[in-house]
Amino acid sequence: MSELVSNIADFASGLRTLHVPDIECSLQPMGREYIVGDRTVTPATDVLLGQMEVMRVEEGLVLYRTTAKDLCTMRTSNLLYPGLKIVLLLEGESELAYGELRLRLRACVPAQCAAVVALARTERFMRQWREGRRERKLVLTLSPEWLQAAGIAQGTMQDFLGRHLAHVAWQP
């Protein structure tokens with residue numbers, strides 16, 4: 001665990017300019033059908049200054065981490081696979097949507113810096129970008145199979161996981 005925390009700190013120091021193909025490639029393990037909602041954005045457009053990475057911690061357990069400054073205002077979306085999403089905003093703000101569920105996370109507000117969301121089926125995820133806005137975020141995705149194998153998908157948790165877009169604010 002301490003190695004993971006150290007790795008996260010090192011991650012923030014490697015900022016670079018990212019383009020849509022960089023983002024599409026890094027997000028493949030989490031979903032499919034990445035869509036940029038701005039027709040003026042091309043594969044050569046600078047869209048982020050930062051870093052993003054998807055790490056398979058183990059089968060069914062995926063960690064997404066990003067530290068970024070939006071270089072343009074737009075919306076992006078992709079289809080996400082079923083599972084439990086644990087979102088933790090470490091710095092900045094983020095506007096997210098899982099289907100009809102809209103979330104505005106703010107790191108400086110303890111009751112608004114994290115959320116847990118159940119995706120009982122494949123769902124469209126959307127992120128609203130704002131030029132100049134910064135965010136540093138971790139998203140842990142637990143697949144239904146991983147939750148079952150770990151013995152977590154029982155009782156109240158099983159009910160929560162079965163309710164598509166069930167969510168709860170979380171204060172770490």
Side-chain angles (χ1 to χ4, degrees), residues 7-56 62-143 164-170 172:
N7 195 355
I8 289 168
D10 292 343
F11 175 78
S13 64
L15 304 182
R16 63 188 181 98
T17 302
L18 298 173
H19 305 91
V20 171
D22 301 321
I23 297 168
E24 289 173 327
C25 183
S26 69
L27 295 178
Q28 284 179 350
M30 293 179 59
R32 62 183 191 274
E33 295 183 20
Y34 188 77
I35 297 171
V36 175
D38 183 337
R39 293 179 192 264
T40 64
V41 173
T42 71
T45 303
D46 294 346
V47 293
L48 283 177
L49 175 62
Q51 226 179 342
M52 57 177 36
E53 181 180 33
V54 176
M55 299 170 26
R56 286 192 189 277
V62 176
L63 176 65
Y64 166 78
R65 60 187 182 167
T66 185
T67 184
K69 176 182 176 183
D70 294 347
L71 298 178
C72 51
T73 297
M74 65 178 179
R75 284 189 180 152
T76 55
S77 70
N78 64 313
L79 289 177
L80 297 181
Y81 304 121
L84 185 69
K85 300 284 184 187
I86 302 170
V87 184
L88 176 59
L89 191 65
L90 302 170
E91 288 179 11
E93 292 188 26
S94 190
E95 293 175 66
L96 316 170
Y98 296 92
E100 297 300 315
L101 173 64
R102 305 269 186 265
L103 300 173
R104 182 171 179 210
L105 300 178
R106 298 186 302 169
C108 62
V109 180
Q112 295 178 6
C113 68
V116 179
V117 179
L119 299 180
R121 61 180 181 270
T122 300
E123 183 59 80
R124 180 135 318 261
F125 168 81
M126 187 276 301
R127 179 179 181 267
Q128 176 64 53
W129 300 46
R130 305 264 182 226
E131 185 176 350
R133 183 168 59 195
R134 296 176 185 274
E135 76 172 33
R136 194 160 55 106
K137 178 175 65 188
L138 300 172
V139 180
L140 187 62
T141 301
L142 309 167
S143 73
H164 187 62
L165 300 181
H167 65 284
V168 61
W170 173 55

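In what follows, residues are counted from 1 in the order of the sequence shown. Owing to the predicted nature of the structure, the values given are computational and were not obtained by experimental measurement.
Here Tyr64 contributes atom OH and Glu53 contributes atom CD; the two are 11.0 Å apart, rounded to the nearest 0.5 Å. We find the CD-NZ distance between Glu135 and Lys69 to be 14.0 Å, quoted to the nearest 0.5 Å. The structure places CE of Met126 at 8.0 Å from CG of Leu96, a figure rounded to the nearest 0.5 Å. Here the straight-line distance linking atom NZ of Lys85 with atom CG of Leu80 works out to 4.5 Å at 0.5 Å rounding. Expressed to the nearest 0.5 Å, how far CG of Leu165 lies from CZ of Arg121 amounts to 6.5 Å. Atom NE2 of His19 sits about 9.0 Å away from atom CG of Leu71, to the nearest 0.5 Å.
His164 pairs by the side-chain hydrogen bond (donor to acceptor under 3.5 Å, both in side chains) definition with Glu123, not counting sequence neighbours. Applying the salt bridge (Lys or Arg N to Asp or Glu O under 4.0 Å) criterion to Glu95, with sequence neighbours excluded, gives Arg130, Arg133. Looking at residues two or more places apart in sequence or on another chain, you find a side chain to side chain contact (heavy atoms under 4.5 Å, CB included) between Pro82 and Thr122, Pro144. Remark: Arg16 engages Leu18, Asp22 in a side chain to side chain contact (heavy atoms under 4.5 Å, CB included) (not counting sequence neighbours). Contacts of Arg134 classified as side-chain hydrogen bond (donor to acceptor under 3.5 Å, both in side chains), with partners at least two apart in sequence or in another chain: none. Not counting sequence neighbours, the partners of Ser143 by the side chain to side chain contact (heavy atoms under 4.5 Å, CB included) test are Glu145, Trp146. Residues satisfying the side-chain hydrogen bond (donor to acceptor under 3.5 Å, both in side chains) criterion with Thr42, sequence neighbours excluded, are Thr45. By the side chain to side chain contact (heavy atoms under 4.5 Å, CB included) test, Ala169 is found to be paired with no residue, residues two or more places apart in sequence or in another chain being considered.
The minimum heavy-atom distance between Ala68 and Leu48, with the atom names listed, is CB-CD2, 3.7 Å. The two residues Trp170 and Ile86 make their nearest non-hydrogen contact at CZ3-CG2, 3.9 Å. Taking all atoms of both residues into account, the shortest heavy-atom contact from Ser94 to Leu89 is N-CD2, 3.9 Å. Closest heavy-atom contact between Asp46 and Cys72: O-SG, 4.4 Å.
Among the candidates Arg127, Lys137, Arg104, the single residue satisfying the salt bridge (Lys or Arg N to Asp or Glu O under 4.0 Å) test with Glu93 is Arg104.
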- [ ] Kindly indicate, with the supporting measurements, whether the criterion side-chain contact (heavy atoms from CB on, under 4.5 Å) is fulfilled by Trp129 and Val47.
- [x] CA-CA 9 Å; Trp129 300 46; Val47 293; 3.8 Å; yes

- [ ] Evaluate the criterion side-chain contact (heavy atoms from CB on, under 4.5 Å) for residue pair Leu138 and Leu140; output intermediate values, then yes/no.
- [x] CA-CA 7 Å; Leu138 300 172; Leu140 187 62; over 6 Å; no

TODO: Could you please spell out the steps behind the side-chain contact (heavy atoms from CB on, under 4.5 Å) verdict for Leu101 and Leu103?
DONE: CA-CA 7 Å; Leu101 173 64; Leu103 300 173; 4.2 Å; yes

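Checked by atom type and distance alone, the side chain of Arg102 pairs as donor or acceptor with a backbone atom of Gly99 at under 3.5 Å. Listed for the Gln128 side chain is a donor-acceptor partner under 3.5 Å among the backbone atoms of Met74.
Asp70 has its side chain out of reach of Glu131: every pair of non-hydrogen atoms, C-beta onward, lies at least 4.5 Å apart.
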Please table the atom pairs, donor to acceptor, closer than 3.5 Å between any side-chain atom in residues 106-117 and protein atoms at least two apart or in another chain.
residue, atom, partner, partner atom, Å
Arg106, NE, Gln112, OE1, 2.8
Arg106, NH2, Gln112, OE1, 3.0

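Applying the ring-ring contact (aromatic ring centres under 6.0 Å, His included) test to residues at least two apart or on different chains, the pairs with a partner in residues 84-109 are Tyr98-Phe125.
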